[in-house]
Structure formats: structure tokens, C-alpha cells
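Quick caveat, the model's predicted, so the values are computed rather than measured. Heavy atoms only: backbone and side chains are in, while hydrogens, waters and symmetry mates are out. Numbers restart at 1 for each chain; the letters A, B, ... are given by sequence-line order, proteins then strands.
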Amino acid sequence: MSVRVRFAPSPTGHLHVGGARTAIFNWLFARHHRGTFILRIEDTDQARSTRESEQMVLEDLRWLGLEWNEGPFRQSERTAIYQRAADELIERGAAYRCYCSEEELEEKRKKAEAEGRPPHYDLTCWQAPPREGKHAVRFHVPEVGDVTIHDLIRGEVTWRKESLGDFILVRSDGLPTYNFSVVVDDHEMDITHVIRAEEHLTNTHRQVLIYRAMGWSVPELAHVSLILGPDRSKLSKRHGATSVSQYADQGYLAEAMVNYLTLLGWSSPDGQETFTRQEAIAKFSLDRVNRAPAVFDVQKLDWLNGQYIHRMSASELRPLASSFFDVPWLEEGIDVVKTSVQRLTQFRDALAFVERYEPPQIDRSFAEALLAELRSHGAPRDEAGYKEMVERLKNATGLKGKSLFMPLRLAMTGMEHGPELVRAIPLLQHASEVDGSVLSPLARAERLL
RNA sequence: GGCGCAUUCGUCUAGGGGUCCAGGACGCCGCCCUCUCACGGCGGUAACACGGGUUCGAAUCCCGUAUGCGCUACCA
């Protein structure tokens with residue numbers, strides 16, 4: 001049987017990095033096994049789900065390059081399927097209609113808690129005669145029933161006949177709850193492997209009981225640990241950027257993002273840490289997924305993103321960088337400064353010296369020599385011209401090495417640090433083209449005096 | 001509270017009884033390269049949560065404790 005996996009986000013905002021990591025693992029697993037990757041929108045919570053969010057999640061997945069083979073399916077459009085399954089469960093005596101109001105339940109729950117009892121449903125409607133009126137469908141948890149699953153990541157997990165109250169399958173608005181719709185859909189869509197976040201691990205208990213009541217087989221399960229913030233609590237907004245779109249906005253590359261997230265909880269058997277999608281697909285397996293939660297480390301993401309930028313050509317980088325900063329000479333500029341950049345947004349600052357200039361304090365005689373050089377020979381426009389200029393400056397000033405290059409750097413770029421002068425100075429020709437020669441090398445030299 | 005999951009350098013991780021006084025990566029520090037910064041190269045710093053077992057031998061197996069996290073909803 002071929003592998004069928006799904007990613008099932010609820011559309012309540014942009015895709016979070018935790019969700020993205022889950023999506024990536026599902027996608028890698030599907031591609032590795034030449035299986036099917038299905039996208040399912042879990043929008044049964046009408047209060048929180050929106051179409052706008054759904055679009056955002058889809059966009060984020062596309063940006064990451066995680067193409068799905070089937071879907072997106074919307075659970076909100078599949079209510080007949082859940083209703084049918086619920087009816088069958090009622091017929092089998094595994095579920096029943098519950099007419100209790102939410103207010104009543106809330107009261108009972110509070111009372112139970114105050115008395116130190118577990119806040120479980122009190123079975124008021126269990127085996128009660130059917131009647132007219134608004135109702136939910138509730139699952140009746142069997143008396144006996146240890147539940148054991150074999151999780152592909154966690155191993156054997158057992159719940160002993162625990163204190164588990166009868167839980168809601170279908171809400172009174174007719175929409176299913178998560179624990180029900182997920183079982184029905186995973187079965188109905190022939191999902192072979194459920195790869196999802198660890199927060200769902202204990203829900204599996206309930207889900208297995210539903211599978212049993214329906215007589216369905218349980219798919220393979222794999223619960224991936226959570227992603228944490230620097231303080232080791234679950235990654236959330238107060239830790240800063242948590243959605244993939246925010247990282248996109250900050251100049252991270254989708255490739256680097258996928259690479260980094262893949263490394264959060266998974267390791268390649270050969271220890272390789274920088275890899276293409278194809279390499280990750282070839283090497284991915286669930287048995288190398290780590291059980292422990294992982295802290296999201298922006299420093300390492302920065303480093304990885306830098307690796308990608310440094311290895312890409314300027315022509316590949318230009319279309320990506322231009323949405324943050326655009327000039328006609330961008331590609332040439334990128335080629336000059338890319339090794340000093342870790343994020344696409346940084347090209348702007350790295351290239352700012354071309355169009356901005358504050359005359360620095362500089363030795364007067366050097367400034368005069370430089371001015372004379374530029375007046376008689378013009379500013380170098382390429383490497384050869386630059387070298388000739390340096391030769392003449394050496395002769396004119398008697399300077400060499402650091403004592404020549406540092407004042408030259410300062411005079412031309414206005415900065416103590418920056419790219420190699422042989423590459424930076426030819427770039428300055430664009431300053432004159434753009435800005436009416438106000439910032440040409442000659443103009444800069446003139447302002448030194 | 002109950003139930004479940006987790007715990008190796010600051011962080012991501014390798015490791016599944018001897019090859020581990022624990023390996024790699026990021027970060028940090030130093031050196032080299034070099035006109036500067038960056039890139040790159042080389043080296044260094046730093047960890048098996050704690051306590052009991054089991055065993056000739058435990059980071060690796062078992063139990064307990066601690067800590068963190070998750071679930072305990074007509075959220076997912």
C-alpha cells in the first residue's frame with residue numbers, strides 16, 4: 001500500500017513555524033516514499049476559523065514550496081460524512097444524544113472541581129429516551145479498555161483505564177469536534193501515517209476508542225515534539241516572530257527555512273546539516289526524529305540562511321532581494337557584498353555606501369593627491385582601472401599597504417569596513433548615474449577638503 | 001489535582017551496555033588568510049538533571065525524585 005499522509009492545519013492565522021515543521025515532515029515522508037501528501041483544512045471551529053486565514057496558510061505553504069497532491073479539503077464542507085458516522089456510532093450504542101446545555105455543563109464542571117472530583121460528564125443523557133430539541137452527540141467511553149499505541153517516534157504509549165469522561169463528537173451546531181472529524185477523515189481519506197505535533201498525543205487515547213467503536217484500523221502514528229522559545233516554553237508570539245511569513249518578511253529564504261526546520265528534531269544519518277530538498281527527501285526517515293522538544297534558535301537560522309545566500313549567484317539572489325531593496329545595479333552590488341549578508345533585507349544596508357556619503361576626517365595631503373588623481377584620470381570603472389589608480393597613488397603619496405588602503409577606503413566609502421576596494425570602487429560609478437554625480441568618487445574627494 | 005510525554009555542551013544534535021575522561025553543528029574565544037569588515041581555513045571553550053538499582057561494566061536498561069511541556073472544552 002502506498003503512503004498517504006496529510007497536513008491538517010486549522011485556519012486561525014498565518015502558518016506557525018511549528019505547523020510548518022509538521023508540514024515539512026509530512027511532505028518529506030510522502031516524497032521519500034513516493035506517496036501522497038494531502039492538505040486538509042480543519043475549520044470546524046467556526047468562531048476561530050476564517051477564509052482569510054486559510055488563504056494565508058496556503059500561501060505560506062506555497063512559499064515554503066510544500067506542494068500537496070490532494071486538497072485542500074475543508075472539514076466544514078464534509079459535515080454529512082461526520083453526521084453519518086455519528087449516526088452509526090449511536091446505532092451501535094457507542095454514542096448518544098446529549099441535551100445538556102453548555103451552561104448546565106459548566107456549572108456541573110465547577111461543582112465537581114470544587115468537590116475535588118474529576119470534571120467528567122455525569123452521564124445525564126446516557127441511555128435517556130430520545131426527544132426533540134437541540135443536542136450534541138457524545139461518545140460513551142467504555143468501562144474497560146486500556147489503550148496502547150505504537151508511536152513511530154515515541155514507542156509504546158499506554159493509557160490505563162483512566163479517568164476519561166464521555167466526550168463530544170458532534171456539537172449542537174452540527175459540526176464535529178476535532179477528535180471525531182480527525183478520525184473519520186483519516187479513515188475516509190485512507191491516511192496511512194498520521195504525523196502531527198505532540199500536543200495531540202493524549203488526544204489519541206480518545207481517537208483510538210472511536211476507531212475501535214467503528215471497527216476501523218488505526219493508522220501508523222508519529223507524534224513530533226513541540227518547538228519551544230528561548231525560555232523553553234511553547235513558542236508563542238511573545239517570543240517574537242512565530243509565523244513563517246514573518247521570517248519571509250525578514251529576508252529569510254524558503255530553502256533555508258525548510259532546511260532549518262528539518263533540522264529541528266531530525267538529523268541526517270551522516271550528520272549533514274546543509275542540504276537541498278532532494279537530499280533531505282532521500283535521507284528522511286521517522287526513526288531519526290528526536291523525541292525531545294527543541295528550542296528555536298534564530299542564530300543558527302541566521303547562519304544557515306547566510307550559507308544559502310553566500311552559495312547562491314547574484315543573478316539568483318537579485319529577484320529575491322529586489323522586493324526589499326531595488327536599484328538598477330542591484331545584481332552587481334549583490335555580487336560585491338553578499339558574503340557579508342545573512343538575510344535578504346541586509347543588502348540595503350550593505351550597499352548603502354554607494355548612494356550615501358558623509359565625508360570623513362582624513363589626512364589633507366592624501367585627500368589632495370586623491371583629488372588630483374581623480375581629476376586627471378577619472379574614477380575607475382573596473383578592476384584594471386582601479387589597479388592603475390592604486391599604482392599612481394602609490395607613486396604620488398609614497399604610501400603603500402594599509403596606510404594607503406585605509407585612507408582610500410575611508411575617503412571613497414565613508415566607512416572603515418566594507419567590501420574589497422577593487423570591487424567597491426567600481427560600484428561607485430552607479431552613484432553618479434543615479435544621483436546626478438553628487439556622490440561620484442570625484443565629488444566625494446572634493447568634499448574631503 | 002489526574003493522565004501522558006520529555007530531560008546529553010548556552011542552543012540544535014550524534015550516541016541504543018564496553019570502541020565515550022562523550023562526536024558534529026550554531027554561538028563564543030584564539031590563530032591563519034587579508035587594505036578593513038565579512039567569507040573561508042585551523043584550534044579552543046562547554047554537556048550525559050538528581051538519587052537508587054541491574055550488570056564485570058551504564059549517557060545507554062529499570063525504579064523513584066526534580067524540572068519542563070502537553071492533554072484533562074460543544075479549541076485544534
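Formation of a donor-acceptor pair under 3.5 Å by the A:N26 side chain with backbone atoms of A:V5 is not found in this model. When atom types are taken as modelled, the side chain of A:N305 and the backbone of A:Q342 share a donor-acceptor pair closer than 3.5 angstrom.
Heavy atoms of A:L408 sit nowhere under 4.0 angstrom from any nucleic acid atom. Counting non-hydrogen atoms under 4.0 angstrom, A:T274 reaches nothing in the nucleic acid. Among the protein residues, A:T44 comes within range of the sugar-phosphate backbone only, with heavy atoms under 4.0 Å from sugar or phosphate atoms but none that close to a base. The residue A:S172 sits close to a base: some heavy atom pair falls under 4.0 Å. At a threshold of 4.0 angstrom between heavy atoms, the contacts of A:H223 with the nucleic acid are absent. Among the heavy atoms of the strands lying under 4.0 Å from A:C100 is at least one base atom, whether or not backbone atoms are also near. When heavy atoms are screened at a 4.0 angstrom cut-off, A:R154 is found touching the sugar-phosphate backbone but no base atom. Among the protein residues, A:N203 comes within range of the nucleic acid bases, having at least one heavy atom under 4.0 Å from a base atom.
The interatomic distance linking A:R291 (CZ) with B:U60 (P) rounds to 13 Å, in whole Å. If you take CD of A:E199 and C1' of B:C3, they are 17 Å apart, rounded to a whole angstrom. Taking atom NE2 of A:H120 as the reference point, atom C1' of B:G1 lies 11 Å away to the nearest angstrom. Spacing between atom OH of A:Y308 and atom C1' of B:C26 amounts to 15 Å, rounded to whole angstrom units. Atom CD of A:E198 and atom C1' of B:C3 are 14 Å apart (whole Å). Distance, A:D270 CG to B:G15 C1': 15 Å, rounded to whole Å. In this structure, the CZ atom of A:F167 is 11 Å from the P atom of B:A73, given to the nearest Å. The distance between atom CZ of A:R206 and atom C1' of B:G70, rounded to the nearest whole Å, is 12 Å.
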Please tabulate, for side-chain N and O atoms in residues 416-428 of chain A, each donor-acceptor pair with protein atoms closer than 3.5 Å (sequence neighbours left out).
{"unit_1": "A:R423", "atom_1": "NH1", "unit_2": "A:D335", "atom_2": "O", "d": "3.1"}
{"unit_1": "A:R423", "atom_1": "NH2", "unit_2": "A:D335", "atom_2": "OD2", "d": "2.9"}

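In summary, the aromatic rings of A:F296 and A:Y247 are positioned with their centroids under 6.0 Å apart. A ring-centre distance under 6.0 Å is found for A:F167 and A:F139.
Only the P atoms considered, B:C74 is 34 Å distant from B:C63, to the nearest whole Å. With C1' as the reference atom, B:G52 and B:A58 are 14 Å apart, rounded to whole Å. Across B:G57 and B:U19, the matching P atoms stand 15 Å from one another, rounded to whole Å. The separation of B:C33 from B:G41, taken at their C1' atoms, amounts to 8 Å, rounded to a whole angstrom. Comparing B:G10 with B:A47, their P atoms sit 7 Å apart, to the nearest whole Å. Spacing of P atoms, B:A46 relative to B:G23, comes out at 11 Å, to the nearest Å.
Base pairing annotation: B:A73 forms no Watson-Crick or G-U wobble pair, as no partner gives both donor-acceptor distances under 3.5 Å. Nucleotide B:C9 forms no Watson-Crick or G-U wobble pair with any nucleotide shown, as no partner meets the under 3.5 Å limit on both distances. As the counterpart of B:A46, no nucleotide is assigned, since no Watson-Crick or G-U wobble pattern has both distances under 3.5 Å. B:C61 is paired with B:G53 under the Watson-Crick or G-U wobble criterion, all donor-acceptor distances under 3.5 Å. When Watson-Crick and G-U wobble pairs are counted only if both distances are under 3.5 Å, B:U36 pairs with no nucleotide at all.
Toward the 5' end of RNA chain B, the nearer of the two residues A:P119 and A:T177, judged by each one's closest nucleotide, is A:P119. Mapping A:V157 and A:C98 onto RNA chain B by nearest heavy atom places A:V157 at the nucleotide closer to the 5' end.
The side-chain hydrogen bond (donor to acceptor under 3.5 Å, both in side chains) test applied to A:Y308 returns A:N259, not counting sequence neighbours. For A:S236, there are no side-chain hydrogen bond (donor to acceptor under 3.5 Å, both in side chains) partners, not counting sequence neighbours. For A:H193, the side-chain hydrogen bond (donor to acceptor under 3.5 Å, both in side chains) test picks out no residue, with sequence neighbours left out.
With A:V17 as reference, A:L235 is the one residue of A:I24, A:T22, A:L235 to meet the side-chain contact (heavy atoms from CB on, under 4.5 Å) rule.
Residues A:R40 and A:E42 are paired through a salt bridge, judged by an N-O separation under 4.0 Å between the basic side chain and the carboxylate.
Judged by distance alone with a 3.5 Å cut-off, no donor-acceptor contact links the side chain of A:S233 to the base of B:C69. A donor N or O paired with an acceptor N or O is not found under 3.5 Å between the base of B:A76 and the side-chain atoms of A:N179.
Of the candidates B:C74, B:G4, B:A76, B:C74 carries the atom nearest the A:R138 side chain, counting heavy atoms from C-beta on.
Ring geometry, A:W266 versus A:F275: the interplanar angle exceeds 60°, so the pair is classed perpendicular (tilted spans 30 to 60°). The aromatic rings of A:W216 and A:H187 lie parallel to each other, with less than 30° between the two planes, well short of the 60° mark.
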Walk along nucleotides 30-44 of chain B from 5' to 3' and tag each nucleotide B, S or - by protein heavy-atom contact under 4.0 Å, base first, then sugar-phosphate. -----BBBBSS----

Going 5' to 3' along nucleotides 8-14 of chain B, which nucleotides have protein heavy atoms under 4.0 Å from the base (write B), which only from the sugar-phosphate (write S), and which from neither (write -)? ---SBSS

